[in-house]
Structure formats: structure tokens, C-alpha cells
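Structure, as C-alpha cells:
Below, chains carry the letters A, B, ... as their sequence lines are ordered, and counting in each starts from 1. Remember, it's a predicted structure, so these values are computed and weren't measured experimentally.
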Amino acid sequence: MALFTKPAVRLHHIASHFTNGLWPAGVVLFFSYLLTGKNAYESAAYYCFILSTLASPFVLFSGVFDWKLRFKGRTTRIFTHKRVFGFIFMLLSIAIVAWRFFDPSAPTAESGYRMIYTVLVLLNCGFVIYLGYLGGKFL
Amino acid sequence: MASREVRDLERKIEALIMAIPREEEAYEFYMELHNEYEEDSSKDMFLFLANQERKHKDSLEELLAKLEMRLAEFKQQT
């Protein structure tokens with residue numbers, strides 16, 4: 001394997017654990033906040049979402065690099081799904097984090113958008129779980 | 001029926017595409033060990049295993065080429 005191939009592949013494996021681990025952990029913390037009303041849980045969830053979002057471009061681009069190098073850029077259903085859902089996950093993560101940044105009240109009971117925020121967070125969790133499931137097929 | 005056969009062929013092709021890099025990685029893994037050892041019997045063992053993986057990879061690539069050709073023919077017919 002070429003000198004740069006291995007680090008790129010490793011980067012994909014490492015970075016994907018951040019997105020796959022942190023977003024669902026953030027969801028658990030967010031639901032802890034919904035159940036208990038303790039703000040600390042919501043803040044912790046938000047930081048998990050930020051870290052997961054920061055890792056997502058590394059996951060996506062190292063994944064494309066890995067696909068081009070190791071799999072010669074061959075198109076199959078699994079790679080198409082990984083690219084499409086990976087891109088959607090990254091965009092939705094950025095949108096959720098940006099929303100929470102500009103409107104910190106979005107997840108609170110006082111906000112009229114709490115339900116939408118919760119649905120988006122859960123939807124994104126579904127995407128990252130599906131991406132993890134697809135990634136697991138390569139092990 | 002035709003779409004089912006296309007789907008079936010595509011699934012097989014996908015499986016081979018995913019399997020080939022595994023064989024490459026196994027080959028590199030054994031070659032690294034072959035280069036690490038100085039003792040002849042260990043070197044020979046890892047070289048033997050590396051060659052096995054290379055043969056697997058060659059077989060998979062051959063199968064992949066055949067399936068891709070069959071898929072292209074099938075798509076042309078339908």
C-alpha cells in the first residue's frame with residue numbers, strides 16, 4: 001500500500017468513530033435533558049453534537065479517498081449510500097449545531113420549535129447509525 | 001425477472017469489490033511479517049501465506065471481470 005494510503009484509510013476509521021459515537025451519545029444526553037430538565041445535560045449534548053459535526057468532513061473526505069484508492073472508485077449501492085447519507089449527515093449536523101448556536105432556546109420547553117429540533121436530532125442519529133451499519137460491512 | 005437477475009449480479013459484484021482489498025491487505029500484512037523475520041522457516045511461512053492471499057486476490061479479480069462482463073451483456077440484451 002502506498003505511503004499515503006494507509007494514513008487516509010486509518011483517518012476514515014478513526015474519524016468515523018467520533019461521529020458514530022458522539023452523535024448517539026448526544027442524543028442520550030439530550031433525552032436526559034428532556035426527561036429531567038437539567039440544563040447541564042442539554043449543554044453536554046450540544047458539545048457532543050459540535051464534536052461530531054467537526055469530525056464529519058474528515059469522515060466524508062477520507063472515506064471518498066479510501067473508496068477511490070482501495071476500491072478503485074467502483075460504484076455499487078453500498079458506496080452510493082455511504083456518500084449520499086454521509087453528505088446528508090454532515091449538512092444536517094451543521095444545520096442543527098448552527099441553529100442551536102444562533103438560538104440557544106431552540107431545544108427548551110419555551111421554544112415553539114422544540115419538537116422540530118428533536119425530530120432533526122433523531123433523524124440525524126438514524127443516518128449515522130445507518131452509516132455505521134454500512135461501515136461495519138467492510139470489517 | 002430481468003431486473004431480479006441484474007440485482008443478483010450487482011450484489012455478487014459488490015461482494016467481490018468489497019473482498020478484493022481485504023486480500024490485498026492480508027497480502028501486505030504477511031509480507032510485512034516476512035520482511036520482519038530473519039529466521040528462514042518464519043520467512044518461508046509468511047511468504048507462503050502472502051502468496052496464498054495474492055492467488056485469492058487474482059481469483060476474485062478474474063471472477064469480478066467475468067461477472068461485470070455478464071452484467072454488461074445482460075443490460076445490452078434487455
Side-chain angles (χ1 to χ4, degrees), chain A residues 1-20 55-90 126-139, chain B residues 1-37 43 46-76 78:
Chain A
M1 206 177 278
L3 187 65
F4 297 106
T5 315
K6 267 187 183 172
V9 172
R10 297 282 182 266
L11 177 66
H12 184 66
H13 294 166
I14 294 163
S16 59
H17 281 85
F18 281 85
T19 53
N20 288 21
S56 64
F58 292 100
V59 180
L60 189 67
F61 294 115
S62 62
V64 170
F65 192 68
D66 178 26
W67 168 63
K68 294 226 177 206
L69 278 172
R70 281 200 307 154
F71 300 94
K72 317 278 186 271
R74 287 182 164 122
T75 306
T76 70
R77 193 186 131 273
I78 197 166
F79 292 117
T80 307
H81 278 214
K82 271 171 79 70
R83 281 201 315 276
V84 170
F85 286 99
F87 191 65
I88 293 171
F89 172 78
M90 187 178 74
F127 290 142
V128 83
I129 288 170
Y130 180 56
L131 287 162
Y133 166 74
L134 292 178
K137 287 188 170 193
F138 291 85
L139 301 175
Chain B
M1 188 66 191
S3 68
R4 210 169 124 187
E5 283 193 43
V6 168
R7 231 183 8 248
D8 187 52
L9 273 172
E10 283 173 344
R11 278 189 71 185
K12 287 174 186 166
I13 287 169
E14 186 172 79
L16 293 175
I17 287 171
M18 284 167 73
I20 289 168
R22 286 180 193 174
E23 303 295 347
E24 278 174 350
E25 278 161 27
Y27 169 79
E28 282 158 17
F29 173 71
Y30 290 130
M31 281 311 287
E32 274 173 28
L33 288 166
H34 164 77
N35 293 331
E36 256 176 50
Y37 279 88
K43 276 183 103 62
F46 287 120
L47 186 63
F48 168 78
L49 291 169
N51 285 332
Q52 291 292 312
E53 301 302 342
R54 197 167 51 188
K55 280 178 197 164
H56 292 164
K57 188 199 154 203
D58 291 345
S59 308
L60 292 177
E61 277 181 342
E62 222 171 276
L63 281 169
L64 178 63
K66 279 182 191 166
L67 288 180
E68 279 179 332
M69 206 184 292
R70 202 189 299 171
L71 181 65
E73 283 169 4
F74 203 83
K75 280 183 173 173
Q76 241 174 6
T78 53

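- Looking at E14(B), the atoms closer than 4.5 Å to chain A (heavy atoms on both sides) sit in the backbone and in the side chain alike.
- Proximity to chain B involves both the backbone and the side chain of K137(A), based on heavy atoms less than 4.5 angstrom apart.
- There is no contact between R11(B) and chain A, counting heavy-atom distances below 4.5 Å.
- For the side-chain contact (heavy atoms from CB on, under 4.5 Å) with R83(A), the qualifying choice from F79(A), F85(A), F87(A) is F79(A), the only one to do so.
- Proximity of a side-chain donor or acceptor of N35(B) to a complementary backbone N or O of M31(B) within less than 3.5 Å is detected.
- When each of E28(B), E23(B), E25(B) is tested with R70(A) by the rule salt bridge (charged side-chain N to carboxylate O under 4.0 Å, His left out), just one qualifies, namely E25(B).
- For the side-chain contact (heavy atoms from CB on, under 4.5 Å) criterion with L71(B), the lone passing option out of E10(B), Q76(B), K66(B), K12(B) is E10(B).
- For chain A, the nearby part of L64(B) is the side chain; its heavy atoms alone come within less than 4.5 Å.
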